[in-house]
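A note on names: the letters A, B, ... follow the listed sequences, proteins ahead of strands, and every chain is numbered from 1.
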Amino acid sequence: MDDVLEGVATDEEDIFNTAASFLASAVTTKDARFTDKLKLQFYGLYKQATAGKCSGGRPAFWDVAGRAKWDAWQALGDLSKEHAMQRYAQLLGEVAPEWNQGGSRDTQAKRGGTMGPVFSSLAAAEEDEDAEGPETLHEVAGQGDAEAVGRMLEAGTPVDERDEQGCTALHFAADRGSEEVARLLLGAGADVNAVDEDGQTPLHYAAVTAHREVYDLLVAAGADISIQDSQGQTAAEAAPEAWGLKGA
Amino acid sequence: MDKRQIKEKYAFWGTQPVAQFSEAGGEAPEGPIDVPKTVAEVRQEPYTLPDSFEWCVCDLRDDAVAHEVYELLSNNYVEDDDNMFRFNYSSGFLKWCLLCPGHTLDWLVGVRVKASRRLVGFISAIPAHIRVGGGPGAGAEGGPAGGREVRMVEINFLCVHKKLRSKRLAPVLIKEITRRVNLRDIWQAAYTAGVLLPKPLATCRYFHRSLNPRKLIDVGFSRLAPRMTMARTIKLYKLPDEPLTPGMREARPEDAPKLVPLLNDYLARYRLTQVFNEEEVAHWFQNIDNVVQAFVVEDPAAPGSLTDLVSFYALPSSILGHPEHTELRAAYLYYTVPGATPLKQLVNDAMIMAASKGYDVFNALDLLQNELFLKDLKFGAGDGQLHYYLYNWRLAGNASLTPQEVGLVLM
């Protein structure tokens with residue numbers, strides 16, 4: 001637990017203390033939901049949360065209740081105090097969900113207060129832009145889904161089918177660094193030197209996106225390293241400096 | 001939400017002098033919401049904190065204190081909905097932002113745990129001349145909007161330690177900073193929030209322009225559509241190495257006298273904006289690595305004549321739990337004044353500068369005239385909305401503003 005917060009109850013401790021008082025009064029009023037077995041579980045978690053790891057010897061055989069309690073505590077091993085508190089409150093929620101009604105914290109408070117800036121990203125906003133219609137060979141190749149690629153090829157999808165930018169599925173496999181799919185497409189006769197509308201080959205794609213394994217695979221499969229794209233750049237020239245291909 | 005839910009949610013804000021959702025607009029006059037008070041009527045003693053906490057002043061001139069505030073914010077401040085990113089304002093940024101001209105140490109309010117002295121809460125106020133109101137429709141047309149100049153504070157960096165959120169410290173922090181600001185005879189404040197509170201004066205949206213698309217996709221800030229390739233995405237967002245505008249250079253302190261009229265005349269058209277003096281311009285439009293960058297265009301044909309201004313500030317975020325990347329470096333467009341140079345070109349040059357300095361993404365709100373370039377410069381709409389609020393001030397008839405009428409950028 002965060003010991004520099006010592007001297008002040010954290011949210012977890014507040015919740016745990018409320019839960020423990022609820023349980024104490026439920027047991028006093030002989031709430032039938034709390035069986036002996038459950039009470040032992042709560043006992044173990046309580047001890048772990050307040051005293052930490054079980055220490056000391058197991059009580060003698062004639063102390064049946066003491067032994068059962070010790071066993072429940074000892075079974076928790078190295079569980080942290082913080083986690084023990086959380087589990088205690090969680091277990092109570094399962095047995096008696098009404099215990100914390102009225103005391104729930106709103107998500108706003110959890111997320112960091114009420115004023116100040118907001119973190120915004122593109123991820124969620126872009127989800128609506130996905131193209132409709134059935135998945136294409138390009139998509140499944142890009143996802144690295146070799147099984148789906150195999151299925152579509154078997155069903156007769158042309159291996160060198162082009163998308164709107166003139167890319168083949170092999171361009172997508174190179175782009176996403178999917179070595180397995182690239183191997184599969186090459187095995188199915190894909191054109192290793194197919195060029196898109198900008199004159200770039202799958203080798204260019206592997207270079208630009210820094211996927212070395214696929215780059216090497218394509219070269220081994222006979223890719224023409226001298227092909228220049230419409231900007232006059234070879235794949236080696238588009239590759240990361242660190243690959244040491246430039247001027248080679 | 002039904003009425004009961006609204007009441008519960010706004011139990012605090014319902015008691016504050018802010019525009020309420022329930023109010024009819026009607027005849028409400030423009031001006032303060034509260035009955036005017038004097039400093040003598042302000043409560044003299046600080047608000048009471050729960051036992052075991054105490055107030056402190058966070059003197060950011062002391063590096064150790066600045067580091068404490070930095071630590072509190074970097075571990076406990078704003079996160080995205082999925083807890084993948086958390087703002088990580090640098091301590092240099094906090095100093096720039098909070099030790100501005102006219103700052104008051106008393107307004108850098110901290111809460112400590114008595115026993116451990118650990119800083120667990122913070123809120124800040126800085127002074128600003130805010131001009132608000134004026135004629136509708138002035139907006140992007142260029143004519144002065146008029147309105148009233150009001151001495152306000154900007155409230156920011158409200159933060160409570162993650163493990164102490166159930167203590168309800170935030171409302172006490174807000175009341176205490178209000179008290180301390182009132183003691184200096186200031187009665188209005190401007191602030192922003194991602195969440196909806198009573199009641200926004202304007203609601204803007206964030207837009208994002210990828211500078212390093214591969215990293216943004218890797219860390220989940222943006223995503224690659226299934227039918228788009230990374231290679232094309234990289235090409236799409238590639239920028240030139242050098243700015244395109246002749247005569248563009250970093251702003252210098254001695255530029256301030258010329259920038260004041262340039263900036264204030266341009267901002268005059270907005271219905272919520274800041275009015276800057278010379279000292280403020282020199283402070284807010286300077287160049288500090290990883291904090292703020294400001295560029296001016298000095299006409300090559302007429303040396304000494306400044307025609308344009310463009311600026312951005314640095315607000316990185318921690319990337320939580322990513323195996324490779326730990327920091328997302330974001331540049332946020334600050335104020336831009338197009339004069340001789342088209343706005344689009346100015347912002348494009350700012351993005352080129354940001355890319356060359358290693359920023360990953362360039363962000364802008366849809367306020368000022370930003371709508372004019374967002375699409376062309378390949379910005380995409382973000383999922384974050386930013387609401388603008390005023391404390392103890394309302395527009396005539398409780399009116400609100402469109403983003404294009406807003407000319408105020410807060411950090």
Inset, instruction - Run the numbers on B/K162 and A/E12 for salt bridge (charged side-chain N to carboxylate O under 4.0 Å, His left out), then give the verdict. - result: CA-CA 10 Å; B/K162 278 187 166 198; A/E12 268 118 11; over 6 Å; no
Does a side-chain heavy-atom distance below 4.5 Å link [X] with [Y]?
X      : Y      : value
B/T229 : A/H138 : no
B/F157 : A/P117 : no
B/S210 : A/L122 : yes
B/L164 : A/V8   : yes
A/E82  : B/K163 : yes
B/L224 : A/R176 : yes
B/L328 : A/F119 : yes

Please say whether more than 12 non-hydrogen atoms of neighbouring residues, nucleotides or ligands are located less than 6.0 Å from [atom1] in [X].
X      : atom1 : result
B/F93  : CZ    : yes
A/E180 : CD    : no
B/K114 : NZ    : yes
B/H325 : NE2   : yes
A/E94  : CD    : yes
B/E327 : CD    : yes
A/I225 : CD1   : no

Inset, instruction - Please assess A/D175 against B/R232 for the test salt bridge (charged side-chain N to carboxylate O under 4.0 Å, His left out), listing each intermediate value before the final yes or no. - result: CA-CA 9 Å; A/D175 189 73; B/R232 274 177 188 281; over 6 Å; no
Legend entry - Between CG on residue A/D163 and CZ on residue B/R227, distance to nearest 0.5 Å: 9.5 Å
Legend entry - Interatomic spacing from CE in B/M230 to CZ in A/F172 - rounded to 0.5 Å: 12.0 Å
Heavy-atom pair of closest approach, residues [X] and [Y]:
X      : Y      : value
A/V118 : B/V78  : CA-CG1, 4.3 Å
B/A231 : A/T209 : N-CG2, 3.7 Å
B/Y77  : A/G116 : OH-CA, 3.7 Å

Inset, instruction - May I ask you to name which of A/A210, A/A207, A/C167 has the most heavy-atom pairs under 4.5 Å with chain B? - result: A/A210
Inset, instruction - Verify whether one side chain among B/H208 and A/S120 offers a donor that lies under 3.5 Å from an acceptor in the other. - result: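 Present: a donor and an acceptor within the cut-off.
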Inset, instruction - Find the one option among B/Y389, B/F53, B/F85 whose heavy-atom pairs under 4.5 Å with chain A are most numerous. - result: B/F85
Inset, instruction - Tell me, out of B/M411, B/R86, B/K235, who's got the most heavy-atom pairs with chain A below 4.5 Å. - result: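 Among B/M411, B/R86, B/K235, the one with the most close pairs to chain A is B/K235.
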Legend entry - Donor-acceptor under 3.5 Å (B/K167 side chain, A/D11 main chain):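 No; judged by distance alone, with no hydrogens or angles, the pair does not exist.
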Part of [X] within contact of chain B (heavy atom distance under 4.5 Å):
X      : result
A/Q231 : neither
A/Q200 : side chain
A/A9   : both

Inset, instruction - Counting only heavy atoms closer than 4.5 Å, note whether B/V361 contacts chain A via side chain, backbone, both or neither. - result: neither
Legend entry - chain A contact via B/Y89 - side chain, backbone, both or neither, heavy atoms under 4.5 Å: side chain
